[in-house]
Amino acid sequence: MPELPEVEAVRRMLERATRGARIDRVELRRPDLRRPFPPDFVTRLSGHTIQSVGRRGKYLLVALSSGETLLVHLGMSGAFHAAKPRAAHRASSTPDPHDHVVIVLSSGVVVTFNDPRRFGLMDLIRAGGQHEALRAMGPEPLDEAFDAAVLARACAGKRVALKVLLLDQRIVAGVGNIYASEALHHAGLSPRRRASTIATPAGAPREAALKLAAGIKAVLQKAVAANARAYESGRFRVYEREGEPCPRRGCGGTIRRITQAGRSTYYCPVCQK
DNA sequence: ATTGAGACCTGTCGGC
DNA sequence: TGCCGACAGGTCTCAA
């Protein structure tokens with residue numbers, strides 16, 4: 001469940017399920033995900049209380065009473081489940097081979113991290129420390145600090161296609177393959193257009209930068225408000241809608257799929273310029 | 001400095 | 001039925 005709205009939905013669920021509880025037991029069922037778990041991972045989690053669950057881009061940040069922070073990335077297929085199992089249920093269910101981490105809390109809640117593809121990541125950040133993965137990360141798209149001026153400055157002089165640019169987490173945090181296509185459709189901008197064309201050479205925003213910043217905010221805001229349920233129900237405007245009519249009123253175009261930087265892009269060639 | 005291709009890993013789906 | 005390739009919401013690294 002990987003883009004900003006999905007990660008935010010996981011954050012809310014985890015915060016509700018775990019906040020204030022102590023970590024009583026941690027079970028690692030394999031030594032690594034995308035990378036090995038850090039040394040003493042289990043020891044550094046055990047016995048500490050979960051104070052809050054935050055998010056930065058697509059990363060979850062679990063603040064512990066020890067002062068350390070558990071950093072989690074869901075990759076492509078990572079998911080958390082939190083439940084208070086009945087003993088009988090626990091004993092009878094066959095273990096899922098992709099349940100890689102099981103955390104038992106003092107409240108009786110059991111948090112399970114499941115990740116078939118293992119592109120996920122878990123690491124620990126020392127008290128007062130900064131994690132390498134977050135160092136160069138761009139602004140949060142839903143913060144006020146992110147606007148057309150910031151976006152235009154980041155685009156000035158860049159020859160990359162807008163769609164590819166939006167996937168760069170240093171430009172803006174949390175946008176992935178689905179919402180990049182959705183935001184560009186909302187903005188009426190072609191995914192193939194060079195990033196530099198939405199800014200003046202000096203880096204000031206042109207009209208297109210205003211539309212794109214607004215498009216990013218609009219599609220993410222809407223998905224966050226819907227608790228990211230769009231993916232299951234396929235309620236996207238262009239994503240995975242190749243061959244269907246463009247949803248823009250009066251457009252009449254047909255959604256196309258192209259490949260950019262090895263990933264699928266969906267757009268309407270008629271209304272996205 | 002950018003940009004593209006390939007790698008990482010498993011599951012699913014459509015075509016033959 | 002099974003086999004095969006294409007594809008999937010994300011990064012990384014390496015080479016041109």
Side-chain angles (χ1 to χ4, degrees), chain A residues 1-11 13 29-37 55-60 71-80 95-101 113-123 131-138 141 154-185 191-197 203 216 219-220 222-224 226-243 256-267:
Chain A
M1 306 193 149
E3 299 186 41
L4 186 153
E6 291 76 28
V7 178
E8 178 59 22
V10 172
R11 186 199 71 73
M13 180 279 286
R29 299 202 173 151
R30 52 174 304 122
D32 57 11
L33 294 170
R34 189 167 86 214
R35 295 189 344 218
F37 290 96
R55 180 190 59 74
R56 178 78 174 92
K58 299 172 192 171
Y59 287 87
L60 291 163
L71 178 88
V72 183
H73 195 290
L74 302 175
M76 288 279 238
S77 58
F80 277 103
D96 183 324
H98 303 306
D99 283 349
H100 306 308
V101 184
F113 179 72
N114 182 283
D115 186 6
R117 292 178 76 177
R118 303 205 304 278
F119 288 168
L121 172 78
M122 284 197 196
D123 205 352
H131 198 274
E132 174 61 25
L134 307 179
R135 203 176 46 76
M137 189 167 293
C155 287
K158 287 217 159 44
R159 296 174 59 80
V160 251
L162 279 178
K163 159 68 180 344
V164 178
L165 175 108
L166 290 180
L167 297 181
D168 185 341
Q169 302 299 297
R170 294 168 303 182
I171 305 293
V172 54
V175 177
N177 204 42
I178 294 178
Y179 295 101
S181 280
E182 295 294 309
L184 285 163
H185 181 263
R192 328 168 69 135
R193 187 167 157 165
R194 288 189 191 292
S196 59
T197 65
I216 293 166
V219 299
L220 292 178
K222 199 174 155 216
V224 166
N227 228 15
R229 265 163 293 168
Y231 187 76
E232 298 101 82
S233 48
R235 270 190 274 109
F236 297 110
R237 307 267 289 170
V238 293
Y239 185 77
E240 284 187 332
R241 290 192 178 279
E242 182 181 23
R256 283 232 299 147
R257 182 176 84 89
I258 59 171
T259 299
Q260 294 181 290
R263 329 250 347 242
S264 288
T265 299
Y266 297 85
Y267 77 111

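Lettering follows sequence order; numbering is per chain, from 1. Every value quoted in this text rests on a predicted model; they were computed, and no experiment measured them.
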P-based separation of dC9(B) from dC14(C) [nearest Å]: 16 Å

Nucleotide dC9(B), atom C1' - distance to CE of Met76(A) in whole Å: 10 Å

Main-chain N/O of Phe119(A) paired to Arg34(A) side chain as donor or acceptor, under 3.5 Å: yes

Closest heavy-atom pair and its distance - Ser77(A), Arg117(A): OG-N, 3.0 Å

Test item: Met137(A) and Tyr59(A) side chains (from C-beta on) under 4.5 Å apart, heavy atoms: yes

pair Leu4(A)-Arg55(A): side-chain heavy atoms closer than 4.5 Å: yes

Integer angstrom distance from the C1' of dA8(C) to that of dT3(B): 23 Å

Pairwise N/O distances under 3.5 Å, protein to nucleotides 10-14 of chain B:
residue : atom : partner   : partner atom : Å
dT10(B) : OP1  : Arg118(A) : NH1          : 3.3
dT10(B) : O3'  : His98(A)  : NE2          : 3.4
dG11(B) : OP1  : His98(A)  : NE2          : 2.6

Rounded distance in Å between the P positions of dG5(C) and dA7(B): 15 Å

Listed once per pair and sorted, the salt bridge (Lys or Arg N to Asp or Glu O under 4.0 Å) pairs that draw on residues 158-169 of chain A, sequence neighbours left out: Asp168(A)-Arg170(A)

Per-nucleotide protein contact string for nucleotides 11-16 of chain C (B base, S sugar-phosphate only, - none; heavy atom under 4.0 Å): BS----

Might you list the N or O atoms of the protein lying below 3.5 Å from N or O atoms in nucleotides 4-7 of chain C, with each pair's distance?
residue : atom : partner   : partner atom : Å
dC7(C)  : OP1  : Arg257(A) : NH2          : 3.0

Closest approach of Asn114(A) to Pro116(A) (non-hydrogen atoms, all atoms of both residues): OD1-CD, 3.4 Å

Atom pair OG1 (Thr265(A)) and CD (Glu242(A)), whose distance is rounded to the nearest 0.5 Å: 11.5 Å

Identify all pairs in which a protein N or O lies below 3.5 Å from an N or O of nucleotides 2-6 of chain B, and state each distance.
residue : atom : partner   : partner atom : Å
dT3(B)  : OP1  : Val160(A) : N            : 3.1

Consecutive-pair stems (3 or more, Watson-Crick or G-U, under 3.5 Å) for DNA chain B: B:2-8 with C:10-16, B:10-16 with C:2-8

